[in-house]
Amino acid sequence: MWTNWSGGQQCRPTATVRPLDDSGVSAVVRRAAERGQTVRPIGAGHSFSALAVTDGVHVDLSAFRGVTGIGGRPGRPTVRVRAGTTVGELHEELASRDLALEAPLELAAPTVGGALAVGMHGSGSAHGSLSAAVAGLRLVDGRGRLRDVTVADLDGARTSLGALGIVVEAELAVVPAGRVRVTRAPRPVEEVLDPAFWAEHPVAEAAVFPSAGTALTRWAEPLPEHTDTGDTDEDAETEEPERSLGVTVAGATGRTALGGAVVVERALPRLVPRFNRAVSRLARRVSATGPMYRVLSSPPAVRYEQTEWALPRAALAEGARELFAALADDHLEVGLPVRLRVGAPESGWLHPAHDRATAWVAVRVPRGTDHAPVLERAYRVLRAHGGRPHWASRSDWTVEDTARAYPRLPDFRRVRDDYDPDRVFATPALAAVLGD
């Protein structure tokens, strides 16, 4: 039995195989095709959607780890990394070479292959997702052939939902390593809904309880080399307050407040708004300095179900206000805040931020509570404001929605017909959003 991170998706694949090299992956695909079975690669299982659910064959790429080479040209370095490498491992390997990802990713557990398939992103008005860093991809297609994706097909493959093949290696653009100062502080909700807040900081995010007037925010700013900040460094993590709800609440109060919020939600749901407002008032301003991947690291404190939507950036304020009002007025507020982030336009044909500056809005419901009413309300509100769901999250998206929202879908289907003509990588979840 395979189960994703949240426990909300499960399946019983016919087999789970762990190939050790590219030829092993090719053999798995050819054998499955001969038997009429479907094949799905699996990463860390951090997606909330059903993209990895199959009664066919699961391919575990955990043996495909590590950076295999440094390339690029002067001033524009790239690295080649195997697809089963986790994002955290990639961060550490790059740091050992004085390099870093430009995308401000905070989760360490997802694999590179899985993160690319769904368009994993951070938050910054000028920053793209990990998919935007792709300079090349090597994959095994539906006929079991090892192929380097052509430049003409790269925008189709950089966020492909696993529909084109099993990515075994990626070439990613990277940047010189640096240090940032991360600040966490409460700010008025109306202030974070103003475009000026997002333009003010190169990396920023906010968490908002629907009934609270205060947002819990954090932002990062680059530091010049050899800057002596006097702040807490990443090597002194015990001095940094505990993280709660994706932001910081003073001292040991953080995890206590989060645990209390979940308990209140399950036992006395009508007290949740009052409890959430109290949590917001506990927040205080703190800062830390260090490499961005370390000081932004924010492992989830509880497991949850999530829907996240990419809105046109100009629709953030109106869409967020309507969402907050809908959740608060209908007593659907939960013990986790709505998370707001932003991103740059993407070239990937199926990336939710394709061709537009984006605002990301994520609604989360703690595991063990009924997530359906909250998420379904979020679907309706965010869809009405031009939202496209993140492929890794839960949604009610259909193939008709995809056709309307993604003008390059015909091009993607053409590439899919080339790479997987027999639909060896098909699943019901893929058919629901991409068609047959």
Side-chain angles (χ1 to χ4, degrees), residues 41 43-44 46-47 49 51-52 61 72 76 78-88 90-91 94 100-139 148-175 203 293 308-310 341-360 362 388-393 402 405-409 411-412 415-416 419 425 430 433-434:
H46 260 264
S47 289
S49 70
L51 288 177
L61 294 179
R76 298 180 66 84
T78 63
V79 298
R80 296 197 70 87
V81 57
R82 304 184 87 195
T85 308
T86 68
V87 172
L90 177 57
H91 283 314
L94 291 177
L101 295 173
E102 185 177 32
L105 305 179
E106 63 184 51
L107 292 179
T111 64
V112 169
L116 293 175
V118 298
M120 180 179 174
H121 63 91
S123 183
S125 58
H127 289 285
S129 67
L130 185 64
S131 297
V134 170
L137 290 171
R138 177 169 292 175
L139 57 74
D148 288 316
V149 176
T150 66
V151 173
D153 296 339
L154 196 58
D155 279 338
R158 66 176 72 243
T159 305
S160 69
L161 286 65
L164 305 183
I166 299 177
V167 173
V168 294
E169 189 175 62
E171 183 179 6
L172 303 175
V174 292
V175 297
V203 174
Y293 78 93
E308 182 173 34
W309 292 65
R341 293 183 285 177
V342 296
E346 299 269 346
S347 65
W349 296 341
L350 290 187
H351 197 285
H354 174 71
D355 204 28
R356 69 187 191 190
T358 292
W360 298 98
R388 301 167 179 156
H390 193 293
W391 297 116
S393 75
T402 306
Y406 291 92
R408 300 301 296 270
L409 180 62
D411 297 303
F412 182 84
V415 173
R416 188 185 187 192
Y419 283 73
F425 304 111
L430 276 180
V433 296
L434 296 181

**Message:** Could you report the tightest heavy-atom contact between G122 and L105, atom names first, then the distance?
**Reply:** N-CD2, 3.8 Å

**Request:** Over all heavy atoms of both residues, which pair between S393 and S49 is shortest? Give the atoms and the distance, please.
**Result:** O-CB, 3.5 Å

**Asked** Does S47 reach the side chain of V118, with side-chain heavy atoms less than 4.5 Å apart?
**Response** yes

**Request:** Return the set of residues passing ring-ring contact (aromatic ring centres under 6.0 Å, His included) with W349 (not counting sequence neighbours), or none when no residue passes.
**Result:** none

**Prompt:** Are any non-hydrogen side-chain atoms of V87 and L107 less than 4.5 angstrom apart?
**Reply:** no

**CA sep, side-chain torsions, deciding dist, call: Y419, S160, side-chain contact (heavy atoms from CB on, under 4.5 Å)** = CA-CA 11 Å; Y419 283 73; S160 69; over 6 Å; no

**Message:** Which heavy atom of P345 sits nearest to which heavy atom of A357, and what is that distance?
**Reply:** CG-N, 3.5 Å

**Message:** What I'd like to find out is whether the side chain of V112 reaches to under 4.5 Å of the side chain of V167, using heavy atoms alone.
**Reply:** no

**Item:** Check ion pair E169-R82 (N to O, under 4.0 angstrom)
**Value:** no

**Message:** What I'd like to find out is whether the side chain of S129 reaches to under 4.5 Å of the side chain of M120, using heavy atoms alone.
**Reply:** no

**Within the 6.0 Å centroid threshold, strictly below: H390 and H121** = yes

**Prompt:** Do the charged groups of E346 and R158 touch, with an N to O distance under 4.0 Å?
**Reply:** no

**Asked** Rounded to the nearest 0.5 Å, how far does CD of E171 lie from CG of L154?
**Response** 9.5 Å

**Prompt:** With a 4.5 Å limit on heavy-atom distance, are the side chains of V433 and W391 in contact?
**Reply:** yes

**Prompt:** Is there a donor-acceptor contact under 3.5 Å from the side chain of S123 to the main chain of V342?
**Reply:** yes

**Asked** For the side chain of R388 and the backbone of P352, is there at least one donor-acceptor N/O pair under 3.5 Å apart?
**Response** yes

**Prompt:** Can L137 and L116 be said to form a side-chain contact (heavy atoms from CB on, under 4.5 Å), step by step?
**Reply:** CA-CA 10 Å; L137 290 171; L116 293 175; 4.0 Å; yes

**Request:** Tell me, please, which residues at least two apart from R138 pass salt bridge (charged side-chain N to carboxylate O under 4.0 Å, His left out).
**Result:** D148

**Request:** Show your reasoning for whether side-chain contact (heavy atoms from CB on, under 4.5 Å) applies to L164 and F425.
**Result:** CA-CA 7 Å; L164 305 183; F425 304 111; over 6 Å; no

**Complete:** Scanning both residues in full, the closest heavy-atom pair of L130 with A115 reads CD2-CB, 3.7 Å

**Message:** For a 4.5 angstrom cut-off between non-hydrogen side-chain atoms, does L350 reach L409?
**Reply:** yes

**Asked** What is the distance from atom OH of Y293 to atom NE2 of H91, rounded to the nearest 0.5 Å?
**Response** 8.0 Å

**Fill in**
Closest non-hydrogen atoms of A103 and G128, given as atom of the first, atom of the second and distance, are CB-O, 3.6 Å

**Message:** Could you report the tightest heavy-atom contact between A100 and L94, atom names first, then the distance?
**Reply:** C-CD1, 3.9 Å

**Prompt:** Is the side chain of T111 donor-acceptor paired with the backbone N or O of T85 at a distance under 3.5 Å, no angle test?
**Reply:** no

**Prompt:** Taking the side chain from T402 and the backbone from L434, do they hold a donor-acceptor pair closer than 3.5 Å?
**Reply:** no

**Asked** ring-ring contact (aromatic ring centres under 6.0 Å, His included) with H46: which residues, sequence neighbours excluded?
**Response** W5

**Asked** Counting N and O atoms only, with roles assigned by atom type, does the side chain of H127 sit under 3.5 Å from a partner on the main chain of E102, one being a donor and the other an acceptor?
**Response** yes

**Asked** Roughly how far, to the nearest 0.5 Å, is CG of L139 from CD1 of I166?
**Response** 9.0 Å

**Message:** Given 3.5 Å as the limit, does a donor-acceptor pair link the side chain of T78 with the main chain of L172, or not?
**Reply:** no

**Request:** Please confirm whether the backbone N or O of A310 pairs with a side-chain atom of R356, one donor and one acceptor, at under 3.5 Å?
**Result:** yes

